[in-house]
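Structure provided below as structure tokens; questions to follow.
Keep in mind that the numbers below use all heavy atoms, side chains included, and drop hydrogens, waters and symmetry copies. Every chain is numbered from 1, with letters handed out A, B, ... down the list of sequences.
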Amino acid sequence: MADQHLSAFDDVLASSSLLDTAVALLGMRVRTLFVGALTEVAITEVEAYDGPNDPASHAYNGQTVRNATMFGPPGCLYVYRSYGIHWCMNITVGATGDPAAVLLRGAVPVAGVETITRRRGRVDHLTDGPGKLTQALGVDGSHDGSSVVDGPVRLFEATHEITSIETTPRIGISKATDRPWRFVAELRS
DNA sequence: ACGAGGATGCTCT
DNA sequence: GAGCATCCTCGTC
């Protein structure tokens, strides 16, 4: 198919379900270009959150000021502050009015490792957690609601082959802990 | 490798 | 005022 006019995210949205969409994000790249510093990672770990059908979702109890982005169109960043200190980023995947989203929890650095190590203040464990990932990419609350197609934080097609995918319950939540909605990919280097 | 504990601020009850 | 979709450090093993 010569869908060259379609963005990488349009292909992801063609997945038939939230969980398929979450899996489809594995291996894709997230790129930022701030003050001349390009950083890019390949996604290795995601979690699905299913809005009103999911007690663990920030949108379970309806729309609020914080979660408003999730009720907007798909393909936008939902960025929230976690534990008062860290920023975490989701990609909205539900149609407008459907607050389904996928949390980006882990990745491997692809480009701009020097910038990433400077932002992280260390040389190891650069992007192996949701707060670490946002810090590595320079993402914060000012990016909440921006488009992953047109905006400052953009999604690109996968360039790394996935060799395996592990499915587990989600991390760090206290409700709906039994749902196996976390997906961890091994990428061929 | 793994676990405990503290830091920290915002959201919603 | 409680509860976090977390991370880091420092202690043990």
Side-chain angles (χ1 to χ4, degrees), chain A residues 12 15 17-26 28 30 32 39 41-72 74-94 98-109 112-113 115-146 148 153 155 165-186:
Chain A
V12 171
S15 303
S17 73
L18 166 61
L19 300 188
D20 288 344
T21 302
V23 169
L25 284 165
L26 294 171
M28 294 189 70
V30 183
T32 61
T39 51
V41 304
I43 300 168
T44 56
E45 179 180 348
V46 298
E47 284 177 357
Y49 287 88
D50 196 16
N53 309 308
D54 182 0
S57 170
H58 288 172
Y60 182 61
N61 290 312
Q63 184 170 343
T64 65
V65 172
R66 176 179 67 159
N67 67 22
T69 295
M70 284 200 284
F71 289 82
C76 294
L77 288 185
Y78 164 51
V79 184
Y80 70 94
R81 205 189 265 292
S82 177
Y83 291 89
I85 304 172
H86 308 101
W87 297 104
C88 294
M89 62 188 291
N90 292 245
I91 297 176
T92 62
V93 302
D98 171 12
V102 176
L103 171 68
L104 305 188
R105 283 196 58 91
V108 291
V113 176
T115 301
I116 290 174
T117 54
R118 175 172 52 75
R119 287 180 181 147
R120 293 280 296 120
R122 54 191 298 163
V123 298
D124 59 348
H125 295 285
L126 294 177
T127 53
D128 56 343
K132 305 177 199 181
L133 178 54
T134 52
Q135 185 180 37
L137 289 168
V139 172
D140 61 32
S142 69
H143 307 296
D144 179 50
S146 67
V148 299
V153 185
L155 203 55
I165 297 176
E166 181 184 14
T167 303
T168 80
R170 295 172 292 183
I171 301 293
I173 58 172
S174 58
K175 299 168 211 159
T177 55
D178 55 322
R179 300 189 188 188
W181 287 2
R182 172 175 175 257
F183 304 97
V184 185
E186 288 289 330

- Take atom NE2 of His125(A) and atom C1' of dA1(B), then tell me their distance rounded to the nearest Å.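 Computing the His125(A):NE2 to dA1(B):C1' distance gives 11 Å.
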- Message: Just the rounded figure in Å: distance from C1' of dG6(B) to OH of Tyr83(A).
- Response: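 One finds 13 Å between C1' of dG6(B) and OH of Tyr83(A), rounded.
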- Rounding to a whole Å, what distance do you find between Glu45(A):CD and dT6(C):C1'?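 Answer to the nearest Å: 12 Å.
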- Message: Measuring from the side chain of Arg122(A) (C-beta onward, heavy atoms only), which nucleotide among dT6(C), dT11(B), dT9(C) has the closest atom?
- Response: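 For Arg122(A), the side-chain atoms sit closest to dT9(C).
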- Watson-Crick/G-U partner (both atom distances under 3.5 Å) of dC10(C):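 In the structure as shown, dC10(C) has dG3(B) as its Watson-Crick or wobble partner.
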- To the nearest Å, how far apart are Asp140(A) CG and dC10(B) P?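 One finds 13 Å between P of dC10(B) and CG of Asp140(A), rounded.
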- Task: Please determine if a side-chain N or O atom of Ser174(A) lies less than 4.0 Å away from the OP1 or OP2 oxygen of dG3(C).
- Result: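 No, outside the criterion.
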- Task: Output the single nucleotide from dA5(C), dT6(C), dA7(B) whose closest atom is nearest the side chain of Leu103(A).
- Result: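 Closest nucleotide to the Leu103(A) side chain: dA5(C).
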- Message: Working to the nearest 0.5 angstrom, can you tell me the gap between Ile116(A) CD1 and Lys132(A) NZ?
- Response: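 The distance works out to 13.5 Å.
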- Item | Of the listed nucleotides dC4(C), dT11(B), dC7(C), the one nearest the side chain of Arg120(A) |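 Among dC4(C), dT11(B), dC7(C), the one nearest the side chain of Arg120(A) is dC7(C).
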- Give the rounded distance in Å between these two atoms: CZ of Arg105(A) and P of dC7(C).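 Going from Arg105(A) (CZ) to dC7(C) (P), I get 7 Å.
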- Query: OP1, OP2 of dC8(C) versus side-chain N and O of Lys132(A): anything below 4.0 Å?
  - Reply: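 Yes, such a contact exists.
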- Message: Checking contacts here: which listed nucleotide (dC7(C), dT11(B), dT8(B)) is nearest the side-chain heavy atoms of Ile85(A)?
- Response: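 Looking only at heavy atoms from C-beta outward on Ile85(A), the closest nucleotide is dT8(B).
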